[in-house]
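One structure is given below, encoded as structure tokens.
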Amino acid sequence: MLRIALSLLGGLILSWFGFDHLVIHGMLEVFGQHITSTGYYFLFAMYGAVRAIASNFTQPLAKLQLKDALKKD
């Protein structure tokens with residue numbers, strides 16, 4: 001949940017510099033799909049959710065690798 005909130009905060013900060021207009025117009029030109037500012041923030045929320053899910057899969061692997069490395073010593 002924290003990753004989603006931080007991603008949304010990042011999207012808000014980037015929108016202060018006009019990045020939201022760049023993304024909205026880019027989506028229209030590249031994909032032919034018009035999105036609003038709601039869609040812009042949804043993209044950042046999804047990015048945060050995917051990062052959170054991915055970290056749940058990689059952290060147990062890192063713990064196992066550390067455990068194996070300690071056993072070898």
Ring pair (Phe, Tyr, Trp, His ring centres under 6.0 Å) pairs, two or more places apart, involving residues 28-52: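 Of all non-adjacent pairs touching residues 28-52, those that pass ring pair (Phe, Tyr, Trp, His ring centres under 6.0 Å) are Tyr40-Phe44.
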Side-chain polar contacts of residues 19-26 - donor-acceptor pairs under 3.5 angstrom, sequence neighbours left out - could you list them?
none

Treat each ILVMFWY residue as a node, draw an edge where side-chain heavy atoms are under 4.5 Å apart, and state whether [X] and [Y] are in one component.
{"X": "Leu43", "Y": "Leu28", "answer": "no"}
{"X": "Leu2", "Y": "Val50", "answer": "no"}
{"X": "Leu6", "Y": "Met46", "answer": "no"}

Ile13 and Leu9, any side-chain heavy atoms less than 4.5 Å apart: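 The answer is yes, as the side chains (C-beta and beyond) meet within the 4.5 Å cut-off.
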Taking every non-hydrogen atom, the tightest pair across Gly48 and Ser7: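 Shortest heavy-atom contact: CA-OG, 3.2 Å.
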Nearest-0.5 Å distance that lies between atom CD1 in Ile53 and atom CZ in Arg3: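 The CZ atom of Arg3 is 11.5 Å from CD1 of Ile53, to the nearest 0.5 Å.
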